[in-house]
Q: 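Pasting in a structure now, in structure tokens, and then I'll have a few things to ask.
Hydrogens, waters and symmetry mates play no part in the numbers below; they use all other heavy atoms, side chains included. Just so it is clear: chains get the letters A, B, ... in the order the sequence lines come, proteins before strands, and each one is counted from 1.
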Amino acid sequence: MALVKHGEVIADPWVRIENDTLPLGRPLLLTLEEWERLAGSLRHWDQPLGLILTGAEPLDQLRDSLGHFQLIALAFPKFTDGRAYSQARLLRKRYGFTGELRAIGNVLQDQFLQMHRCGFDSYEVADEKAAEAWIAATSRYLGFYQPSERGDFRGARAGSDPQIFVTAEQPAAAAWAY
Amino acid sequence: MYRYDEFDQAFVRQRVEEFREQVGRRLMGELSEDEFKPLRLMNGLYLQLHAYMLRVAIPYGTLSSTQLRKLAHIARTYDRGYGHFTTRQNIQFNWPKLADVPTILDELADVEMHAIQTSGNCIRNVTSDPYAGVAADEIEDPRVYAEIIRQWSTLHPEFSFLPRKFKVAITGSPHDRAAIKVHDIGLRMLRNEAGEPGFEVVVGGGQGRTPVVGHSIRAFLPKNDLLSYLEAILRVYNLLGRRDNLYKARIKILVNQTGVEEFTRLVEEEWQAIRQGWELELPDSEIQRISSYFARPNYGEAEPIDFGFVTAQRKNPEFARWARCNTFAHRQPGYTIAAISLKPEGGIPGDATAEQMEVVADLADQFGFGEIRVTHEQNLVLPDIRKADLLAVWQALDKAGLAVPNLGLITDMIACPGLDYCNLANARSIPVAQRIGQRFADRALVEELGPITLNISGCINACGHHHVANIGILGVDKKGKEFYQITLGGRADEAAAIGEIVGPAFSYEDVVDAVETIVTTYRGQRQAGEAFLDTYQRIGIQPFKEKLYGTR
Amino acid sequence: MTLQVMTANRLGDGAVVYLDAEGRWSEHLAEAQVAADAETLNLLERRAEAAVRDREVVGAYLFRVDTADGTPRPIGQREIIRAAGPTVGTDLTPPALRI
């Protein structure tokens with residue numbers, strides 16, 4: 001597996017819990033079940049925390065917890081399961097999540113563009129060549145029909161928006177073409 | 001009609017390049033068929049019984065003569081010289097080669113056409129009233145909003161992998177010629193008490209396995225809220241629609257299982273959240289921008305009563321019949337809407353040869369304003385014909401086999417491609433339509449029978465709209481043989497209703513006799529002025545059962 | 001044991017094809033290899049899988065035939081139509097059943 005972010009393959013610093021042991025000094029990626037079970041132990045955790053969602057979770061009930069996480073990984077059980085696209089947009093726009101949004105599971109390069117436009121920053125893929133594919137996918141279209149985030153109905157159409165490459169400092173605004 | 005600007009043009013070109021690259025990767029083996037299939041479907045490319053099938057979008061059924069000529073060219077160059085107009089106002093080509101498809105799409109892009117999202121689990125072609133913009137009974141031209149919805153839904157990043165396909169229809173007239181009540185979202189334009197235009201929103205209609213008339217979830221939606229409200233409905237569907245069972249994945253199932261009230265509450269709640277946070281309000285400036293593309297042509301002076309037209313009818317009874325059956329009231333005095341039936345008796349419903357397409361395109365240029373419409377009943381329309389020109393138009397149509405005087409009559413059948421073409425079918429539908437057409441070849445009789453809708457589907461997916469026909473025919477497979485189940489009393493308009501099964505299915509040999517028996521029963525029972533549906537609603541299904549199956 | 005033939009659509013043009021005894025795909029049902037035993041059936045399946053992998057065909061499947069008059073004839077309506085083409089003419093005149 002390879003992790004693609006901003007058109008590059010990068011090493012993944014995040015780890016999962018193994019054998020019920022919390023790994024020290026590493027950013028920790030948890031399922032919702034693990035988070036709920038271990039929330040007490042993690043209250044003073046000094047490393048970044050991440051959350052894995054599967055598409056079925058009612059985000060509204062999680063909104064107050066989102067501030068704990070620097071990474072949310074949305075799983076695509078099958079690439080045809082499109083719930084995570086809605087979840088990504090809601091996380092960005094409605095719940096104001098500004099951390100890293102990662103696509104995991106059955107992630108194919110032909111969905112990069114839609115994922116990018118919904119606010120994803122990084123992608124766990126099977127193939128390292130996907131990094132080039134990401135660049136191609138996100139630079140093919142010069143504009144989109146849906147109105148830009150700024151509310152300018154023709155913002156996206158003018159071609160000056162959207163920015164294609166997200167930066168770590170302002171992931172939400174740049175990836176958001178709508 | 002809408003004209004592409006630089007943005008639109010660039011967009012379709014970029015889409016073609018994207019698909020060309022995907023086809024290349026498929027042919028080189030970098031994409032499996034499972035991975036390629038959703039991609040090719042989102043570009044309208046099916047694999048059918050005998051070959052690939054390409055479904056080209058005709059947004060809300062409006063075509064320019066240039067575009068129609070291009071479709072003829074594609075039929076001739078890349079296919080077998082004909083195309084098939086569908087029940088969603090699109091056109092299908094039945095024999096393209098995979099490697100040719102990107103080139104076909106490029107040719108389509110040359111004339112501002114595409115095949116984007118004509119298949120796949122995404123928002124499909126927004127269909128509308130084929131008489132939009134010209135019908136005398138119209139409140140607003142729905143195509144303005146159909147175009148706005150088309151743009152909003154094109155390559156929408158959030159809604160490209162819905163649980164299932166999503167179909168939207170919109171009518172601008174109280175008389176619904178777009179069958180909005182059997183769509184996933186149906187929109188009916190109206191004005192509120194203050195005279196402001198808006199929409200009634202109907203959700204969860206559909207045919208197929210579980211036919212159901214849609215539910216009105218909002219009586220009046222202001223026009224500026226159109227996109228935010230649609231977004232709310234789609235998001236609720238995308239998150240909550242079933243994904244475990246292909247046959248239970250449409251929004252109609254979600255509405256049914258959640259309950260209309262609760263579903264409406266979910267949508268309204270999401271909508272409020274969207275309005276508070278997002279900038280999805282449809283500005284008047286954008287409505288204006290799109291409206292300007294649908295401005296009325298310069299019709300010129302109102303014509304005085306045309307005695308030439310009256311005389312021609314008296315002298316030429318065939319022309320008179322066609323004028324009676326196939327023309328409809330135009331909002332502009334002196335003009336008429338002329339319907340071109342693609343249902344010759346014994347012919348293939350909805351098919352047109354490349355030559356016929358060119359005849360229609362030429363007529364649109366010579367006598368109209370270069371515009372043609374496609375109806376969801378698989379016919380064509382010349383929307384702006386001066387009554388004074390109608391005879392000349394008819395003569396040209398007649399020479400091309402396009403002057404069949406049967407609009408809305410029993411031989412104006414809808415038939416899906418069926419088992420002759422379609423991978424999903426259980427039985428053939430076209431030959432049944434052909435034989436019915438031949439049985440009712442007497443045009444005087446057919447006119448005298450009055451309005452009857454007869455629709456044929458070759459399988460339960462109901463692409464032939466049999467559920468909402470006065471006489472519906474569903475092909476089924478019984479132990480390897482083709483049988484046909486008949487329903488009665490359906491209708492697709494503003495009083496939409498699903499037909500009732502009349503009894504056991506008929507064999508391929510017997511089904512045409514059964515249709516004739518039904519028609520004879522109607523004739524025997526009808527009272528003055530009653531159309532088939534009126535008689536059916538008055539006498540019920542029992543007399544038909546008795547005549548078809550014998551007295552019980 | 002039922003007699004079966006392997007069919008598919010050719011990837012490039014979607015044409016209906018049948019697997020013959022040499023492992024090639026023919027447009028003519030008469031040339032198809034008819035499997036009468038488990039071993040041949042197995043062979044057809046392996047060859048079809050390879051052809052799908054090699055991007056020659058898509059949608060391969062087996063269907064039943066009888067060989068009453070010496071050549072394979074489909075039993076199911078779908079395969080009859082796949083073999084013969086649409087039963088309705090494309091010149092928009094009333095059809096003759098061409099099977």
Q: Under a 4.5 Å heavy-atom cut-off, does chain C meet the side chain of B/L49, its backbone, both or neither?
A: both
Q: Less than 4.5 Å apart, any side-chain heavy atom of B/T103 and any of B/R20?
A: yes
Q: Do you know which of C/L11, C/V52, C/D54 has the most heavy-atom pairs with chain B at a distance under 4.5 angstrom?
A: C/L11
Q: Can you tell which of C/E45, C/E79, C/Q4 makes a side chain to side chain donor-acceptor pair (under 3.5 Å) with C/Y61?
A: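 Exactly one pass, corresponding to C/E79.
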Q: Look at the rings of B/H73 and B/Y78 and say which category their plane angle falls in: under 30° parallel, 30 to 60° tilted, over 60° perpendicular.
A: perpendicular
Q: With side chain to side chain contact (heavy atoms under 4.5 Å, CB included) as the test, pick out the partner of B/L342 among B/L380, B/V404, B/V360.
A: B/L380
Q: Any salt bridge linking B/D412 with B/K343? Criterion: basic side-chain nitrogen under 4.0 Å from a carboxylate oxygen.
A: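 Looking at B/K343 together with B/D412, the answer is yes, because their closest N to O distance falls below 4.0 Å.
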Q: Output the option from C/R10, C/R55, C/R82 having the highest count of non-hydrogen pairs under 4.5 Å with chain B.
A: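 The residue among C/R10, C/R55, C/R82 with the greatest pair count is C/R55.
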Q: Less than 4.5 Å to any heavy atom of chain C: does that hold for the side chain of B/P417, its backbone, both, or neither?
A: neither
Q: By a 4.5 Å heavy-atom criterion (distance strictly below it), what part of C/R53 contacts chain B: side chain, backbone, both, or neither?
A: neither
Q: Go through B/M53, B/M28, B/Q48 and name the one with the most non-hydrogen pairs under 4.5 angstrom from chain C.
A: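 The residue among B/M53, B/M28, B/Q48 with the greatest pair count is B/M28.
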Q: Main chain of C/R46, side chain of C/E49: is a donor-acceptor contact present, judged purely on distance under 3.5 Å?
A: no
Q: So what's closer than 4.5 Å to chain C heavy atoms on B/A427: side chain, backbone, both or neither?
A: neither
Q: Could you look at B/R435 and say if it's the side chain, the backbone, both or neither that has a heavy atom under 4.5 Å from chain C?
A: neither
